[in-house]
Amino acid sequence: MNKKQRTMLAVLLSLALLLGLGSGYSPTPGAQAAESNYQDLDQKQIVEAMGAGWNVGNQLEGTDGTGMPNETAFTPVLISENLIRAVKNNGFKSIRIPVSYLKKIGAGPDYTIDEAWLDRIQEVVDMAIKFRLYVIINMHGDGYSSVTGGWLLPQASGQEEIREKYAAVWRQIADRFKDYDQHLIFEGMNEVGADASNDAAVRSIYPNINAYNQTFVDTVRQTGGNNDKRWLLIPGCNTNIEYTAGDYGFELPTDTYRSADIPADQQRIMISVHYYTPWEFCGQEDYNQTQWGEEADAEKSVGYGAEGDMEKSFATLKSVFVDKGYPVIIGEYGAVDKSVKENSGLTAKGEADPKNTTFRAYFAWKLCSEAKKNGCVPVYWDNGWSGDFGYAIFSRGPAQDIILGHRRAGDVLQPEILNAIISVYGPDQGDAESIQLSENKLELESNDTEGVELQATQSPETA
């Protein structure tokens, strides 16, 4: 090795360290990830690694109205690698991919999932794994009575058959992904029990919700591969914080079949909750409550759910779950855009508020700050819609030009919201996949970019 080679090797090693080489990550995505690549992360490590998260909502959980899942039912464009790249490049470390199955599930007793649908789910998961994002996949619309074909219903009759179907479906999902490394997390269900209208109704259905969670954990753990040590995510009734952390009947499942290699004093189960409080600000589609927090105009806000209430909710999650080894994932949060009134909001009550974006950004910043302080992972709900009552941070792609005049997939639509979230966690660095060196040029191929070319000079020229 001559002097020039040694010098350039030092440069390459420095770049490799900067870009995250040697971190144990294999650029080979998906099912080819060998079990030996699995890194068993404890509670602190997994929360730190997941950082701030983002939902690719209104896509794989969408349906065509007949109970048939359809990726473009709500958003007229497929999930693209450019979108996922933008999510990573803008500082998010995790992505939640909501998925509905519904009529993609065949008849019992096998309840076979349509293979093409599983292939597409895997394809999207692989996109995210390629960019070294942590990925949550769930069972989403199946638990809604308001969705045609919804069947995972704790208030329904025939609970034994429901549990058999639930186990069969998760057995297939878990088997498909069993060799994926620690970047993949399974979430058993979403907002199940949303129909419970009062405290008594919540308590009455909790035995069935608890049974679902136990079935999910037992089923996944016994499928082999890395699933006996993978982090699993379970919800309480309607993913409501009070109903999950309070005295309503939520029970943590036993983890009988997890790997014996995990220390006995550690957990590998996470708790899923959502945060849309107050709903009048976060989700209600009118322009009556457009501001949030102590600095809000009293006439444009509600008298509850401000900073103090948020702090109490997160302190409760910490004491009930986090302090006992169970990380909490805020699987959805956000507030709809009430700063404009151009499309869907033309007939809604009230007037658009130009200050609304500032308050939405502050809400996101405060929530992420509380999450980070209390050992939780916040995952922003992006529904792909920007404008009146939209949550979208990123454009899904050119096909949306017809409706919203959007640009490329991944273009940032709400920089104030994005900056508020990332300011809490800081930007992430990328991972180099290859480095090519010629006499006067250094080319980096990264999983975060389409390629970076660096022009090199020598001083002195004879160095």
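Here the structure is a predicted model, which is why all the values come from computation and not from measurement.
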Quiz item: In Å, rounded to the nearest 0.5 Å, how long is the span from CG of Leu232 to CZ of Phe216?
Solution: 4.5 Å
Quiz item: Does Asn138 use its side chain to pair, donor to acceptor, with the backbone of Val99 at less than 3.5 Å?
Solution: yes
Quiz item: Do side-chain atoms of Gln182 reach the backbone of Gln39 as a donor and acceptor pair under 3.5 angstrom?
Solution: yes
Quiz item: Do the rings of Tyr166 and Tyr212 sit parallel, tilted or perpendicular, given the 30° and 60° boundaries?
Solution: tilted
Quiz item: Taking the side chain from Arg230 and the backbone from Asp181, do they hold a donor-acceptor pair closer than 3.5 Å?
Solution: yes
Quiz item: side-chain contact (heavy atoms from CB on, under 4.5 Å) between Asp142 and Ser100: does it pass, once the steps are laid out?
Solution: CA-CA 6 Å; Asp142 300 67; Ser100 294; 4.0 Å; yes
Practice problem: Inspect the surroundings of CD in Gln266 and state if more than 12 heavy atoms from other residues, nucleotides or ligands are less than 6.0 Å away. | Solution: yes
Exercise. Please test Tyr333 against Tyr391 for ring pair (Phe, Tyr, Trp, His ring centres under 6.0 Å), starting from the C-alpha separation and ending with a verdict.
Key: CA-CA 10 Å; Tyr333 74 94; Tyr391 288 96; 9.6 Å; no
Quiz prompt | Close side-chain approach of Trp151 to Ile162, heavy-atom, < 4.5 Å | solution = yes
Quiz prompt | Crowding at CD, Gln155 (>12 non-hydrogen neighbours, <6.0 Å) | solution = yes
Quiz item: Does the Ser313 side chain pair with the main chain of Asp309, one donor and one acceptor, at a distance under 3.5 Å?
Solution: yes
Quiz prompt | Pair Arg85 + Glu81, salt bridge at N-O below 4.0 Å | solution = yes
Practice problem: Please name the pair of heavy atoms, one in Val340 and one in Gly387, separated by the smallest distance, quoted to 0.1 Å. | Solution: CG2-C, 3.7 Å
Quiz item: Parallel under 30°, tilted from 30 to 60°, perpendicular over 60°: which one fits the rings of Trp54 and Phe394?
Solution: perpendicular
Quiz item: Can you find a pair of side-chain heavy atoms, one from Pro235 and one from Glu191, that are under 4.5 Å apart?
Solution: no
Self-check item: Member of Ile121, Leu60, Leu152 meeting the side-chain contact (heavy atoms from CB on, under 4.5 Å) criterion with Tyr101
Solution: Ile121
Practice problem: Please report the C-alpha distance between Ser301 and Phe359 in whole Å, then the side-chain angles of each, then the deciding distance to 0.1 Å, and finally whether the side-chain contact (heavy atoms from CB on, under 4.5 Å) criterion is met. | Solution: CA-CA 11 Å; Ser301 61; Phe359 285 96; over 6 Å; no
Quiz item: Hey, does the side chain of Tyr38 reach the backbone of Lys229 with a donor-acceptor pair shorter than 3.5 angstrom?
Solution: yes
Practice problem: Apply side-chain contact (heavy atoms from CB on, under 4.5 Å) to the pair Glu123 and Ile79, showing each step before the final yes or no. | Solution: CA-CA 10 Å; Glu123 187 176 17; Ile79 299 167; over 6 Å; no
Quiz prompt | Within-4.5 Å side-chain heavy-atom neighbours: Val424 and Trp365 | solution = yes
Quiz item: How close do Lys88 and Leu133 get, heavy atom to heavy atom, and via which atoms?
Solution: CD-CD2, 4.1 Å
Self-check item: Within 6.0 angstrom of Glu115 CD, more than 12 heavy atoms from elsewhere
Solution: no
Self-check item: Separation of Lys300 NZ from Asn356 CG (nearest 0.5 Å)
Solution: 10.0 Å
Exercise. Verify the distance criterion only: is there a donor paired with an acceptor across the side chains of Tyr243 and Asp199 at less than 3.5 Å?
Key: yes
Quiz item: Do the side chains of Leu418 and Asn90 get nearer than 4.5 Å, heavy atoms only?
Solution: yes
Quiz item: Which pair of heavy atoms, one from Ile84 and one from Met127, lies closest together, and at what distance?
Solution: CG2-O, 3.9 Å
Quiz item: What distance do Trp170 atom CH2 and Thr219 atom OG1 have between them, rounded to the nearest 0.5 Å?
Solution: 10.5 Å
Exercise. Considering non-hydrogen atoms only, spot the tightest contact between Ser386 and Leu413 and give its length.
Key: CB-CD1, 3.6 Å
Quiz item: Do other residues, nucleotides or ligands put more than 12 heavy atoms under 6.0 Å from Asp119 CG?
Solution: yes
Practice problem: May I have the step-by-step check of side-chain hydrogen bond (donor to acceptor under 3.5 Å, both in side chains) for Gln414 and Asp337, ending in yes or no? | Solution: CA-CA 10 Å; Gln414 295 280 341; Asp337 190 348; 3.2 Å; yes
Quiz item: Under 3.5 Å, is there a donor-acceptor pair linking the side chains of Asn82 and Ser80?
Solution: no
Quiz item: What closest approach, in Å, do Val147 and Gly141 show between heavy atoms, and which atom pair accounts for it?
Solution: CB-O, 3.8 Å
Quiz prompt | Donor-acceptor contact below 3.5 Å, side chain Gln43 vs main chain Val322 | solution = yes
Practice problem: Drop me the distance from Tyr326's OH to Ile234's CD1, to the nearest 0.5 angstrom. | Solution: 8.0 Å
Quiz item: Which is it for Ile417 and Ile421 under the side-chain contact (heavy atoms from CB on, under 4.5 Å) test, yes or no, and what are the steps along the way?
Solution: CA-CA 6 Å; Ile417 310 298; Ile421 295 168; 4.2 Å; yes
Quiz item: Taking atom types as modelled and ignoring hydrogens, do the side chains of Gln172 and Thr112 form a donor-acceptor contact shorter than 3.5 angstrom?
Solution: no
Quiz item: Is the ring centre of Phe92 less than 6.0 Å from the ring centre of Tyr134?
Solution: no
Quiz prompt | Any donor-acceptor N/O pair, Asn383 side chain to Asn58 backbone, under 3.5 Å | solution = no
Quiz item: Going by distance alone, is a donor N or O of one side chain under 3.5 Å from an acceptor N or O of the other, for Glu416 and Thr357?
Solution: no
Exercise. Check whether the ring centres of Tyr276 and Trp381 lie less than 6.0 Å apart, and answer yes or no.
Key: no
Quiz item: Has Lys373 got more than 12 heavy atoms of other residues, nucleotides or ligands less than 6.0 Å from its NZ?
Solution: yes
Exercise. Please check if any side-chain donor atom of Glu242 sits under 3.5 Å from a side-chain acceptor atom of Asn240, or the reverse.
Key: no
Quiz item: Short question: side chain of Lys103, backbone of Thr66 - any donor-acceptor pair under 3.5 Å?
Solution: yes
Self-check item: Member of Thr72, Asp411, Asp382 meeting the side-chain contact (heavy atoms from CB on, under 4.5 Å) criterion with Arg396
Solution: Asp382
Quiz item: With a 4.5 Å limit on heavy-atom distance, are the side chains of Met310 and Phe314 in contact?
Solution: yes
Practice problem: Side-chain contact test, heavy atoms from C-beta onward, threshold under 4.5 Å: evaluate it for Pro253 versus Ile269 and give yes or no. | Solution: yes
Practice problem: Check Cys376 against Val47 and note the closest heavy-atom contact, atom names and distance. | Solution: O-CG1, 4.1 Å
Exercise. Drop me the distance from Phe177's CZ to Ile129's CD1, to the nearest 0.5 angstrom.
Key: 9.0 Å
Self-check item: Test item: Trp292 side-chain N/O and Gly305 main-chain N/O as donor-acceptor pair under 3.5 Å
Solution: yes
Exercise. Could you check if a side-chain atom of Glu280 sits within less than 4.5 angstrom of a side-chain atom of Tyr304, using non-hydrogen atoms only?
Key: yes
Exercise. Output yes when a side-chain donor or acceptor of Gln291 lies under 3.5 Å from a complementary backbone atom of Arg360, and no otherwise.
Key: no
